[in-house]
Amino acid sequence: MPQSNWKPRLKRSEGPLYGALVDALAADISAGRLRAGDRLPTHRELASTLGTSLGTVTRAYAEAERRGLIWSQVGNGTFVRNLREGDRYTPQLDRTRIDLGPTAVPIVPGDLGHLAFAAALQRLGERADLSALSGYQAHAGTEAQRAAGARWLELSGVPATSDNVIVSCGAQHATLMALSLLANPGGLLVEDVTYPGVLAAAEWLRLPTHPVALDAEGLVPEALAEACRRSPARVLYCTPTNHNPTTVVMPLKRRQALVEVCRKFDVTVIENGALAPLVAKAPPPLAALAPERTYHLGSLSKAVLPALRVGYLRMPDLASRQTLEHAAAATVWSGSPLLNELATQWVTDGTAESLRDARRAEATARQALASKVLKEHPYVAHPGAYFLWMPIPEHRRATELVEAAAARDVLLGPAHLFAARPGQAPNALRVSLAAAGSREELERGLKTLAELLGSTAPTPRRLA
C-alpha cells in the first residue's frame with residue numbers, strides 16, 4: 001500500500017484540535033488528495049508535524065475510524081478506507097431509467113454520509129438511555145436540538161439562537177408551519193418559477209399565489225413592488241441563494257433592494273435556505289439583512305443526508321413561538337427524537353460540515369461533467385448546484401424533449417412543475433445532476449439529452 005506524506009490543512013475553529021484534524025482528513029479524502037489504501041503518518045509522526053500532543057492525534061484517528069474514513073491494523077499502520085466498497089446505492093426505484101428529474105442528493109457507492117450514518121446508528125443503539133429516544137419529545141425540539149439548529153443556520157450567515165429556532169421534520173414541514181402562521185386570504189407572493197413544494201403547500205392551505213417576475217439576478221424588486229400594489233398579499237416566499245430551479249444566487253445589491261421593498265410595503269419574508277449551504281461564499285441571507293421580518297427555513301436533508309429529515313425554522317421574534325409550536329403539534333405532534341439527536345450530534349461534532357463539503361465536491365464534479373457533455377447547449381448553473389436550468393431554443397419545445405428522452409429511458413424535469421402561473425411555464429428544463437447513481441450513469445443520460453438537443457425536431461403530425 002502506498003505511503004502518504006499527508007500534511008493536513010487545518011481550518012481555524014473554536015472547537016478542539018482533534019476535530020479540526022478529522023475535518024481536514026475528510027476534506028482531503030473528498031477532494032481526492034488522499035486515496036483508498038494510502039498509508040497515513042503514524043501517530044507520532046503526525047503529532048511531530050503538527051507540533052501537538054500524541055493524545056490529540058490518537059483521538060483524531062479514533063474519531064476518523066469511527067466515522068468510517070480510515071481503518072487501522074496493529075503492526076501495519078493506519079490507512080484510508082475504500083469508500084467505494086459495498087453495494088452500489090441509488091435513490092431510484094426504477095433502475096431501467098436514468099433519472100435527471102428530482103433534486104436528489106448525489107449519493108455514490110461508499111458514500112461518506114452512509115458510513116457516518118451506519119456508525120452513528122450503531123453508537124445510538126449502544127446508548128444506555130436509548131429509551132429516551134424511543135418516545136415523543138417537545139413539539140419544537142429540545143434545547144440542545146434547537147441550539148444545534150441555530151449553529152447550523154449560523155454557518156450560512158443566519159442570525160439564530162436556541163430561543164428563536166423551531167425544529168421541524170425538514171424544510172417542507174417548516175414551510176407548512178410558516179404558511180399556516182403567516183398567510184391570510186390575501187395569498188402568498190412567490191417567484192414566477194419556484195420550488196414546487198411551496199406551490200403544493202399553498203394549494204393545500206387554499207392560499208392564492210401571486211407570481212413575481214425573475215431575471216438573471218433573481219427576484220425583481222420592481223416587480224415585487226408592483227405585485228404589492230396590485231394584491232393584498234404581504235407574505236413573500238423566495239429562495240435568494242441556490243434558487244430552485246434556476247440555480248441563481250442573488251447578488252447583495254439585489255438583496256438590499258428587495259429588503260427595501262419589503263420594508264416599504266410591510267412584507268414578511270419566508271426565506272428558503274435548504275440549498276444555501278452548498279454555496280461556499282454566498283451573500284448574506286435575507287435573515288441577516290432584514291432579521292426583523294424574515295423566517296428562514298434550513299434543512300440537513302439536501303446538504304448532508306436525505307434520510308436525515310430534520311429542518312430548522314428561524315423566526316424573527318419570540319411572539320410567534322407558541323403558535324409555531326401548536327403548528328408542529330397539529331402536523332406531526334413530535335419529530336423523531338432519534339433523527340433529531342443524530343442531527344444534533346453531527347452539527348456539534350463537525351460531521352455535518354464535513355458531509356456538506358463532500359456534497360459540494362460531488363456537485364462540483366458533476367457540474368464539470370455537464371459542462372463537458374453539454375458544451376454546445378446553453379444553460380444556467382453554478383458549481384455548487386445539484387441541477388441546471390436550460391432554456392430551450394424557440395424552434396423546439398421542452399415537452400417534446402421530455403417525451404423523446406423518456407422514450408430513451410431518460411427522465412427530465414419539465415418547467416411546468418415549477419411554474420406559479422398555470423399554463424404559462426417557460427420553455428425550459430431543469431436537469432438534475434444528482435439523482436443518477438454514479439457519474440458514469442449521469443454522463444450517459446446527459447449524452448442522450450445532448451443528442452436530442454442536436455437532432456432535428458420531429459415534424460408535427462397533421463390531423464386527417
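Index from 1, following the sequence. All values below were derived from every heavy atom in this structure, side-chain atoms included, with hydrogens, water molecules and symmetry-related copies excluded.
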Determine, stepwise, if the pair R444 / E440 fulfils salt bridge (charged side-chain N to carboxylate O under 4.0 Å, His left out).
CA-CA 6 Å; R444 293 199 304 274; E440 294 74 19; over 6 Å; no
Does a donor on one side chain and an acceptor on the other come within less than 3.5 Å for [X] and [Y]?
X: D349; Y: T351; answer: yes
X: Y237; Y: N272; answer: yes
X: T241; Y: R255; answer: yes
X: T331; Y: H173; answer: yes
X: R293; Y: T268; answer: no

Student check: side-chain heavy atoms of [X] and [Y] closer than 4.5 Å:
X: S320; Y: D317; value: yes
X: N427; Y: R396; value: no
X: L205; Y: L176; value: yes
X: T247; Y: Y386; value: no
X: L297; Y: I270; value: yes
X: P316; Y: T294; value: no
X: Y195; Y: C238; value: no
X: K372; Y: L446; value: no

List the steps and the verdict of salt bridge (charged side-chain N to carboxylate O under 4.0 Å, His left out) for R230 and E226.
CA-CA 6 Å; R230 291 186 176 184; E226 183 60 25; 2.7 Å; yes
Working for side chain to side chain contact (heavy atoms under 4.5 Å, CB included), residues L224 and C262
CA-CA 8 Å; L224 176 61; C262 290; 4.0 Å; yes
Between [X] and [Y], which heavy-atom pair has the shortest distance, and what is it?
X: W152; Y: E353; value: CZ3-N, 4.4 Å
X: H296; Y: A287; value: CB-CB, 4.0 Å
X: S156; Y: A276; value: OG-C, 4.5 Å
X: R360; Y: L278; value: CG-O, 3.6 Å
X: P208; Y: R206; value: CD-O, 3.7 Å
X: A381; Y: L388; value: CB-CB, 3.8 Å

Salt bridge present between [X] and [Y] (N-O < 4.0 angstrom):
X: R314; Y: E271; value: no
X: R321; Y: E325; value: yes
X: E362; Y: R366; value: yes
X: R254; Y: D215; value: yes
X: R408; Y: E451; value: yes
X: E143; Y: R146; value: yes

Under the side chain to side chain contact (heavy atoms under 4.5 Å, CB included) rule, what do V235 and L189 come out as? Steps first, then yes or no, please.
CA-CA 6 Å; V235 178; L189 298 157; over 6 Å; no
Separation of [Y] [atom2] from [X] [atom1] (nearest 0.5 Å):
X: L181; Y: L313; atom1: CG; atom2: CG; value: 8.5 Å
X: L433; Y: F387; atom1: CG; atom2: CZ; value: 9.5 Å
X: R151; Y: T161; atom1: CZ; atom2: OG1; value: 15.0 Å
X: R309; Y: N340; atom1: CZ; atom2: CG; value: 12.0 Å
X: C228; Y: H210; atom1: SG; atom2: NE2; value: 10.0 Å
X: H326; Y: S180; atom1: NE2; atom2: OG; value: 12.0 Å

Salt bridge (charged side-chain N to carboxylate O under 4.0 Å, His left out) between E217 and K253: does it pass, once the steps are laid out?
CA-CA 10 Å; E217 293 189 342; K253 288 186 177 180; over 6 Å; no
Kindly indicate, with the supporting measurements, whether the criterion side chain to side chain contact (heavy atoms under 4.5 Å, CB included) is fulfilled by L453 and M390.
CA-CA 11 Å; L453 289 166; M390 177 176 282; 3.6 Å; yes
Using the rule given for side chain to side chain contact (heavy atoms under 4.5 Å, CB included), can you reason through Y295 versus L182, listing the C-alpha separation, both sets of side-chain angles and the distance that settles it, and then say yes or no?
CA-CA 10 Å; Y295 290 76; L182 299 171; 3.7 Å; yes
Sole candidate of N244, T246, T194 that passes side-chain contact (heavy atoms from CB on, under 4.5 Å) when paired with F418
N244
